[in-house]
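Working notes, structure below.
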Amino acid sequence: MLRRNIRLRREYIYRKSLEGKERLLYEKKRKIREALEEGKPIPTELRNEEAALRQEIDLEDEQTAVPRSHIDDEYANATEKDPKILLTTSRNPSAPLTQFVKELKIVFPNAQRMNRGGQVISEIIETCRAHDFTDVVLVHEHRGVPDGIIISHLPFGPTAYFGLLNVVTRHDIKDKKAIGKMSEAYPHLILNNFSTKLGERTANILKHLFPVPKPDTKRIITFANQSDFISFRHHVYEKHGGPKSIELKEVGPRFELRLYQIKLGTVDQSEAQIEWVIRPYMNTTKKRKFLGD
């Protein structure tokens, strides 16, 4: 199993190293294609390669015209099987953190909760790879308040680091009559205002934690982005008087996420390349929004 993981990792790194060459070749083909369509002369720097590139252009179809990236490879098998998630915490978790993780286990279908104990992150990741887990979710706390969540996709990444704010568990919601029943059906997802490239990347990481739901399921999970704070809400709905009278009930928990880093490897790889990270000077750019409008 260890040799297999090393071989797969090498193949992934090799494919990733080819991206720069493929992108350069794609730009050359694009320039020739545009010149032919507009009736302009071929750029002088491409005239020696024109014959070979035109032959490649003729052989391309919709699937091969645009080069694939490592981002495509990370979730290439996501549609083949449902996600399988391992939930764990930092060491010596407090009672509020344990309660929060128990509720997250029901939020994510096909999730399994594990007591952290004295296990090292690298051991957890290797065990999850061996047992075909697709994601590892680590929840951290500060003085009994959950303050961070790490989502690491297996086997090769990416890993997203979020800050957790305003956590209200189902247990803490005061109005017990307004709470809906905790359903374990696969939920519909609402991903609102992830319009930038980084926003689409973040939405892609979040949506692959959930399997494809049935059309008639009455469970809804919302990730709504506003000013780079992602609000998580969990509801069920009921149709008492037909399709026009819908009653929406919150299930809980509820919290806000703030993205601060995406790495191109798993959580145990300290040497993994950083795709995006929030910098100190970014805190002053109030008018600039990274995830959406």
Side-chain angles (χ1 to χ4, degrees), residues 1-2 5 9 74-75 77-78 81-172 182 184 186-187 202 204-211 221 223 230 232 234 251-272:
M1 182 58 71
L2 186 61
N5 285 334
R9 180 71 190 166
E74 287 165 356
Y75 293 104
N77 301 324
K81 58 181 180 180
D82 288 344
K84 186 180 175 184
I85 300 167
L86 181 80
L87 273 167
T88 189
T89 62
S90 51
R91 289 202 179 101
N92 302 319
S94 64
L97 183 65
T98 306
Q99 177 66 30
F100 179 58
V101 172
K102 282 179 182 177
E103 293 187 9
L104 283 183
K105 180 185 177 295
I106 302 174
V107 167
F108 298 118
N110 306 327
Q112 296 180 26
R113 185 174 67 88
M114 185 190 76
N115 293 328
R116 176 70 182 273
Q119 287 190 304
V120 187
I121 291 289
S122 56
E123 292 176 0
I124 295 171
I125 296 294
E126 283 304 315
T127 306
C128 289
R129 280 201 187 107
H131 290 85
D132 291 330
F133 280 87
T134 59
D135 295 272
V136 174
V137 177
L138 287 153
V139 188
H140 297 275
E141 67 178 340
H142 179 69
R143 294 187 177 182
V145 179
D147 72 334
I149 188 166
I150 302 170
I151 299 169
S152 185
H153 184 65
L154 299 179
F156 307 125
T159 301
Y161 295 77
F162 295 93
L164 266 178
L165 304 134
N166 307 326
V167 175
V168 180
T169 62
R170 176 181 168 88
H171 180 75
D172 294 332
M182 182 69 91
E184 292 192 23
Y186 292 173
T202 308
N204 204 38
I205 291 168
L206 293 172
K207 78 179 182 184
H208 281 106
L209 294 171
F210 298 90
I221 283 178
F223 292 97
I230 303 166
F232 173 89
H234 184 193
V251 176
R254 69 169 90 116
F255 51 85
E256 266 70 51
L257 296 167
R258 179 80 193 272
L259 177 72
Y260 65 88
Q261 190 180 57
I262 296 178
K263 279 166 59 175
L264 289 176
T266 50
V267 68
D268 61 322
Q269 294 170 342
S270 57
E271 74 283 358

Determine all donor-acceptor pairs shorter than 3.5 Å in which one atom belongs to a side chain in residues 81-90; sequence neighbours excluded.
unit_1: D82; atom_1: OD2; unit_2: Y186; atom_2: OH; d: 3.4
unit_1: K84; atom_1: NZ; unit_2: H131; atom_2: O; d: 3.1
unit_1: T88; atom_1: OG1; unit_2: M114; atom_2: O; d: 3.1

Pairwise distance CD(E103) to OG1(T169) - rounded to 0.5 angstrom: 4.5 Å

Straight-line distance of T98 OG1 to E141 CD, nearest 0.5 Å: 7.5 Å

Approximate separation, where rounding is to 0.5 Å, of R254 CZ and R170 CZ: 12.0 Å

Chi angles and distances behind the side-chain contact (heavy atoms from CB on, under 4.5 Å) call for I230, T202: CA-CA 10 Å; I230 303 166; T202 308; 4.0 Å; yes

Beyond-backbone contact of I151 with H208, side-chain heavy atoms, under 4.5 angstrom: no

Distance (rounded to the nearest 0.5 Å) between Q99 CD and D172 CG: 8.0 Å

R143, CZ: over 12 other non-hydrogen atoms inside 6.0 angstrom: no

Straight-line distance of E126 CD to T266 OG1, nearest 0.5 Å: 8.5 Å

Any donor-acceptor N/O pair, R91 side chain to Q119 backbone, under 3.5 Å: yes

F210 to V107 - nearest heavy-atom pair and separation: CE2-O, 3.6 Å

Option among I121, L154, V267 that satisfies the side-chain contact (heavy atoms from CB on, under 4.5 Å) test with V136: L154

Heavy-atom closest contact (Y260 atom, F162 atom, distance): CE2-C, 3.6 Å

Non-hydrogen atoms of P109 and P211 that approach each other most closely: CG-CD, 3.8 Å

Plane angle bin for H153 and Y75 - parallel if under 30°, tilted between 30 and 60°, otherwise perpendicular: tilted

Side chain proximity check, T159 to Q269, heavy atoms < 4.5 angstrom: no

Euclidean distance, L164 CG relative to R258 CZ, rounded to 0.5 Å: 13.5 Å

Parallel, tilted or perpendicular: rings of F255 and F232 (30°, 60°): parallel

Min side-chain heavy-atom separation P253-V167 under 4.5 Å: no

